[in-house]
Number of protein chains: 4
Amino acid sequence: MTINSDFHDRLGATILEVFSESDFHAVAIRDIARKAGVSFATIYKHYGNKEGLVFAFVDIWMGRLTDRIIDHLQGMANLKEKLRKIFWLQLDYYEKHNEFAKIIFMTLPMKTWMADESFEQRRMFNLLMDVLRQGQEEGLLNPDIDTRILLDFMLGFVQRSFIMWVQRGQKESLADQTDVMFKMIWRGIVTPERIH
Amino acid sequence: MTINSDFHDRLGATILEVFSESDFHAVAIRDIARKAGVSFATIYKHYGNKEGLVFAFVDIWMGRLTDRIIDHLQGMANLKEKLRKIFWLQLDYYEKHNEFAKIIFMTLPMKTWMADESFEQRRMFNLLMDVLRQGQEEGLLNPDIDTRILLDFMLGFVQRSFIMWVQRGQKESLADQTDVMFKMIWRGIVTPERIH
Amino acid sequence: MTINSDFHDRLGATILEVFSESDFHAVAIRDIARKAGVSFATIYKHYGNKEGLVFAFVDIWMGRLTDRIIDHLQGMANLKEKLRKIFWLQLDYYEKHNEFAKIIFMTLPMKTWMADESFEQRRMFNLLMDVLRQGQEEGLLNPDIDTRILLDFMLGFVQRSFIMWVQRGQKESLADQTDVMFKMIWRGIVTPERIH
Amino acid sequence: MTINSDFHDRLGATILEVFSESDFHAVAIRDIARKAGVSFATIYKHYGNKEGLVFAFVDIWMGRLTDRIIDHLQGMANLKEKLRKIFWLQLDYYEKHNEFAKIIFMTLPMKTWMADESFEQRRMFNLLMDVLRQGQEEGLLNPDIDTRILLDFMLGFVQRSFIMWVQRGQKESLADQTDVMFKMIWRGIVTPERIH
DNA sequence: TATGAATGAGATTTCATTCAT
DNA sequence: AATGAATGAAATCTCATTCAT
């Protein structure tokens, strides 16, 4: 069952517009339908329910970030550079697609979002875990720390920084802070002896 | 207008129980009322609406954490020890009162929660900012980094770690990871020359 | 249990003011209490409930009309004059105390009002029935008609006229129409042979 | 947006049943919905609120009476007969549909009912006024009396008689009293010289 | 397959009335 | 007695979702 591509585009645009500004439950599916020019019943046919609708699109947008990271990592050997690139790509993507980021970080009920075992979330998780694990195997990243903790360390910083960036008015570029921020992360995860 | 203290206690317990397990909007105020043995009309009279109800209690619990931090910092001079203590107190409090933490980190719509300019949130913010600023003034913490970024660094890690701890089944103690985690934080924020 | 006379007066004034303008159920007893400067709980102590409150006062005001009719009938012998006087007294009283009349004719749920077997309603009923019966016994009023129908004939006209007088803006005096209106009534109830 | 005809019928029946027996405000819309087998949300969608619901049906039933009067007046020339017929049709309709009559005369807050400027109320009003005016123009009805007063005279008697008929237990037929009652009305409104 | 009507649930508000002080 | 807090019921509105066309 494929939906008319035009509808799909309009739906996506509407979801970004509406869910980025209002709490998940404050959004009426009828408004989405009206703005997108579809009947709400059609949405139900295609996506099952409100959660299904949003997650379907979130999955797509998350997939694009993962794809972009994979693409950029090609041909890179230096692990630190890889990690810095990953860090920058995230800040950059969330900044450029801040409506998407607002949805996953701010308006989706975290509980629901965490519970969503989507393919794309897992793919992103695996991708990052692989890089970090590789770094630990190479002895570059602190092998005494559970790899998942390394990941939480990075992602927690990214997520909190994005939220506060929005909170503080989206003034200067978020990605421009990559340097400062990544230095902090790197010192935290590098094998202590290699810190300099 | 003060509510009977017994009611207050039962309400608090019920809110912890219910909101920690269900999405904010999935909770019916009538159920809260029934479980707490209060009339829902009374709840409305006192708290205005569902948000007001939850925030009133969140404020109280957040205030207790702040108080505890203030209490523990008394008589401590060493800044690193202070920060480690703050870090531990947070993990410990969120672990022991994980229902409260689930509410603020997982079930309250983040947008709403962030928008809530409560006294207690601000008090906690100021407390932590003061300690970090003091560290920068002493030259111990990296003075080149915006103090707010230092804060986001710590809090992002705490928040993400808590969420994942829940996600991963609340197996081992969260506070027990203070050592590993705080080392990462410390290396990230300390003035580079003093890293050893 | 007697209520402070001052309270009583203020309550009465408030009831006239409020119930004459709003539907019985649209009036909040708290508003009554506030306007009268009493606690609503005190009202309950004295009058039981909202109905009891209004009926208590309606009874008083109805009693005054009855008293006035009795007073005016003293020393009158001519039955037609008596009836005309009764007719005029009603129009005049309802016009002068139109807030009271609005309450009994327009805002009290008729069903409730009819069901109220108050002493004063009965006293008024008996008074009018006695006069009409007397007229029939004298042969002046049509003896072929059930006395109660004679009464309905008069009272229906009074009530409808009052309501329409209000509806049409309370322009000219209602009591001033006594002449025209009573002629119609009289021709309808007089024994046919005596119509001239 | 038309409501399923079956629903409409069941709703109408329920409204007659419930509102004729209870005070307007004592009726819960949810009970109406349950009895009629409709969702109360559907009721709100169609009728806006409780008043809208009742008035919508009252309008229909009032329209039927008006239609019936118009139908019966066809081909009648004698004005007195016309008026007697109108009088009888009203008593007959209210007796046969006494639940409807109870609603408009006894349970609807008169204030609200009077304020309702519905098409059907106006149509009935115009119809009756036309007949009375015609009678005055022909010289048959007393031309010295405001036509509206003639109308109030008739309708006041009808309304009061209906209410008392209910009050007294709906014993004998109401319509059967047309003869006695109409004679009273007629003598009251006929041009005095033509009274015999 | 697309649509809108119908539904049921819950938030919120406003009362009348009861309860405890 | 007098008072205000607490209660329970209902109106109203707004949704997400299901059903029938």
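All chains are named by letter (A, B, ...) in the order of the sequence lines, taking the proteins before the strands, and each is independently numbered beginning at 1. These numbers were taken from a predicted model, which means no experiment stands behind them.
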Tell me yes or no: between the side chains of D/D59 and D/S118, is some donor less than 3.5 Å from an acceptor? yes

A/S39, nearest nucleotide to its side chain (from F/dA2, F/dA16, E/dT3): E/dT3

For E/dA11, does OP1 or OP2 lie under 4.0 Å from any side-chain N or O of B/H25? no

At 4.0 Å (heavy atoms only), tell me whether C/A41 reaches a base, stays on the sugar-phosphate, or touches nothing. base

Can you find a donor-acceptor pair, distance only, under 3.5 Å between C/R30 side chain and E/dT14 base? no

Does C/R123 pair with C/E120 as a salt bridge, N-O distance under 4.0 Å? yes

Euclidean distance, atom CG of residue A/N49 to atom P of F/dC15 [Å, nearest integer]: 17 Å

Nearest whole Å is fine: how far is E/dT13 C1' from B/Y44 OH? 9 Å

Salt-bridged, D/D67 to D/R64, with N to O below 4.0 Å? no

Nucleotide of E/dT12, F/dT12, F/dG4 approaching D/F40 most closely (side-chain heavy atoms): F/dT12

Any donor-acceptor N/O pair, A/Q159 side chain to A/F105 backbone, under 3.5 Å: no

Could you tell me whether the phosphate oxygens of E/dT7, OP1 or OP2, come under 4.0 Å of any side-chain nitrogen or oxygen in D/T42? yes

